[in-house]
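Worksheet: one structure, shown below.
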Amino acid sequence: QVRLVESGGGSVQAGDSLTLSCAVSGSTYSPYSMAWFRQAPRKEREGVAAVDSDGSTTYSDSVKGRFTASRDNAKNTLYLQMNSLKPEDAAMYYCAADWRVRSTWYRLQSSYYDYWGQGTQVTVSS
């Protein structure tokens, strides 16, 4: 049974950095695509960053240049390095994974991902 477990969330000040991790277990093969999504209260879930198995990445415009997503396929772990955090980055951050091959358009589409973690909370105070 596939399981995704996020860690690394916390409370920080604006301008600080934070690194999230997501460990995938229960599968022999690394996911084709892994991604980070976030959801703030009363807002829709937003795709933040995605990393395919070849290391190619996609970022939302809101985090481009500040966040870096990476993955260690040997450890089946996804990371999100978040720098220059802003209050608007505060949200529950979710890890997602899927093994199906699809076009790059789907990278930040939540509908593509069948497997999700429980989330880790990030709070950013001004």
Side-chain angles (χ1 to χ4, degrees):
Q1 183 176 352
V2 173
R3 188 175 178 221
L4 280 65
V5 179
E6 302 97 335
S7 61
S11 296
V12 297
Q13 298 283 327
D16 285 351
S17 298
L18 204 59
T19 301
L20 306 182
S21 299
C22 171
V24 180
S25 61
S27 175
T28 302
Y29 303 100
S30 292
Y32 178 79
S33 185
M34 298 183 72
W36 291 101
F37 289 78
R38 66 186 182 187
Q39 188 166 19
R42 298 174 298 282
K43 290 190 176 180
E44 291 188 359
R45 187 168 294 191
E46 172 193 16
V48 174
V51 188
D52 280 358
S53 55
D54 62 358
S56 56
T57 54
T58 303
Y59 297 96
S60 66
D61 289 341
S62 60
V63 306
K64 201 172 293 183
R66 299 187 298 122
F67 291 11
T68 302
S70 61
R71 58 190 280 180
D72 185 333
N73 290 329
K75 295 182 179 179
N76 263 356
T77 301
L78 175 70
Y79 304 98
L80 185 66
Q81 173 68 43
M82 303 185 293
N83 298 327
S84 303
L85 281 161
K86 304 176 181 179
E88 52 263 43
D89 293 318
M92 184 70 80
Y93 281 72
Y94 297 92
C95 172
D98 211 283
W99 279 256
R100 296 170 293 174
V101 177
R102 50 67 192 124
S103 70
T104 57
W105 184 86
Y106 285 94
R107 280 179 177 168
L108 294 182
Q109 303 298 315
S110 61
S111 58
Y112 161 70
Y113 295 91
D114 276 352
Y115 299 92
W116 293 82
Q118 294 300 306
T120 186
Q121 183 70 44
V122 173
T123 303
V124 184
S125 54
S126 56

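Below, all heavy atoms of this structure are taken into account, side chains as well, without hydrogens, waters or symmetry copies. Just so it is clear, the structure is predicted and the values come from calculations on it, not from any experiment. The chain is numbered in sequence order, starting from 1.
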Derivation and outcome, salt bridge (charged side-chain N to carboxylate O under 4.0 Å, His left out), residues Asp61 and Lys64: CA-CA 5 Å; Asp61 289 341; Lys64 201 172 293 183; 3.2 Å; yes
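No donor-acceptor distance shorter than 3.5 angstrom exists from the side chain of Asp98 to the backbone of Ser33, with no hydrogens or angles considered. Remark: the backbone N or O of Thr120 is not paired with any side-chain donor or acceptor of Glu6 at under 3.5 angstrom.
The minimum heavy-atom distance linking Ala40 with Ala91 is given by the pair N-CB, 3.8 Å. Residues Gln81 and Asn83 share a closest heavy-atom pair of NE2-OD1, 2.7 Å. When every heavy atom of Ser84 is checked against every heavy atom of Ser17, the shortest pair comes out as N-OG, 4.3 Å.
Using a 4.5 Å heavy-atom cutoff, the side chains of Arg100 and Tyr32 are not in contact. Looking only at side-chain heavy atoms (C-beta outward), Ser30 and Ser53 stay at 4.5 Å or farther from each other.
Residues that satisfy the salt bridge (charged side-chain N to carboxylate O under 4.0 Å, His left out) test with Arg102, not counting sequence neighbours, are Asp52. Partners of Ser62 under the side-chain hydrogen bond (donor to acceptor under 3.5 Å, both in side chains) rule, at least two apart in sequence or in another chain, are Arg38, Glu46, Ser60. Residues forming a ring-ring contact (aromatic ring centres under 6.0 Å, His included) with Tyr113 (at least two apart in sequence, or on another chain): Phe37. Judged as a salt bridge (charged side-chain N to carboxylate O under 4.0 Å, His left out), and not counting sequence neighbours, Arg71 has no contacts. In terms of the side-chain hydrogen bond (donor to acceptor under 3.5 Å, both in side chains) criterion, Thr68 has no residue partners (sequence neighbours excluded).
In the hydrophobic clustering of this structure, Tyr94 groups with Tyr106; members are Ile, Leu, Val, Met, Phe, Trp, Tyr whose side-chain heavy atoms approach within less than 4.5 Å, directly or through other members.
Taking CD of Gln1 as the reference point, atom OG of Ser25 lies at 9.0 Å (rounded to 0.5 Å). Note: Lys43 NZ to Met92 CE = 15.5 Å, rounded to the nearest 0.5 Å.
Counting non-hydrogen atoms of neighbouring residues, nucleotides and ligands closer than 6.0 angstrom, the CD atom of Gln118 reaches no more than 12 such neighbours.
Other cluster members for Val12: Val2, Leu4, Leu18, Leu20, Val24, Tyr29, Met34, Trp36, Val48, Val51, Tyr59, Val63, Phe67, Leu78, Leu80, Met82, Leu85, Tyr93, Trp99, Tyr115, Val122, Val124, joined by side-chain heavy-atom distances under 4.5 Å among Ile, Leu, Val, Met, Phe, Trp and Tyr.
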